[in-house]
Amino acid sequence: GENVEQHPSTLSVQEGDSAVIKCTYSDSASNYFPWYKQELGKRPQLIIDIRSNVGEKKDQRIAVTLNKTAKHFSLHITETQPEDSAVYFCAGSGGGADGLTFGKGTHLIIQP
Amino acid sequence: DTAVSQTPKYLVTQMGNDKSIKCEQNLGHDTMYWYKQDSKKFLKIMFSYNNKELIINETVPNRFSPKSPDKAHLNLHINSLELGDSAVYFCASSHRAGAKNIQYFGAGTRLSVL
């Protein structure tokens, strides 16, 4: 089955700086890679996603890149703000039960 | 209006009891899911349900059983609760079947087994 590895587990950056979170996946059949943001005590919310026919996608301060050959994808957040502080999860679509396989999450801390 | 809603938000119960968590979506989606988030925040798929087809993650104990009275509802029944079942359970839905479709999550049910 699918295995998604996510790094780092914790990332602390200064407000205004950029943050990068990296994920790798194992199932070459995976073709959809969403990123979810989860604030403390809240539900995971989709912030951006990318499909395997695209190498990069951008939405304002957030961008995602995908390298199918290397089986890795990354989330880039520029000009970080305090409200970006949360746990971020990457996921791949090659999981069991026809559901998403999530990485273990990255706790992003934005230092004022 | 909340698109995917779960009840209850919190559930505290004793070991050995049987409990249910309800989930409803008003998005008109065809597929619903249950995920478990453990104390380390690890999110794992338990079930997906689409048009009466249930797909089970093989790691889920058979004490867990989803029940879908209609397309808009997927409830989770848990028998003989164990301490290790303590977690946050999230319901989700997507327009069509398959993990490649955008999934929308409910607010979660925090289950504590004492």
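As the structure is a prediction and not an experimental result, all values here were calculated from the model. In what follows, chains are A, B, ... by sequence order, proteins preceding strands, each numbered from 1.
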_Rounded at 0.5 Å granularity, tell me how far CD1 in B/Ile102 sits from CG in A/Leu46._
5.5 Å

*Toward chain B, the part of A/Lys104 with a non-hydrogen atom under 4.5 Å*: both

*Heavy-atom distances under 4.5 Å only: say whether A/Gln38 touches chain B with side chain, backbone, both or neither.*
side chain

_Considering all heavy atoms, the nearest A/Pro44-B/Phe90 contact_ = CD-CE2, 3.6 Å

_My understanding is that only residues two or more places apart in sequence, or in another chain, count here; which of them pass side chain to side chain donor-acceptor pair (under 3.5 Å) with A/Lys58?_
none

*asked:* Counting only non-hydrogen atoms closer than 4.5 Å, does B/Tyr35 touch chain A with its backbone (N, CA, C, O), its side chain (CB onward), both, or neither?
replied: side chain

*Residue, of B/Lys40, B/Lys44, B/Gln37, that accumulates the most heavy atom pairs under 4.5 Å with chain A*: B/Gln37

*Among Ile, Leu, Val, Met, Phe, Trp and Tyr joined by side-chain contacts under 4.5 Å, find the other residues sharing a cluster with A/Ile109 and list them by chain and number.*
none

*May I ask you to test the A/Tyr32-B/Asn101 pair for a side-chain heavy-atom distance under 4.5 Å?*
no

*ILVMFWY cluster, A/Ile47 and A/Tyr36 together (side-chain gap under 4.5 Å)*: no

_Sort by residue number and list every residue of residues 105-114 of chain B having at least one heavy atom under 4.5 Å from chain A._
B/Phe105, B/Gly106, B/Ala107

*asked:* If the condition is side-chain contact (heavy atoms from CB on, under 4.5 Å), which residues does A/His7 pass it with, not counting sequence neighbours?
replied: A/Glu5

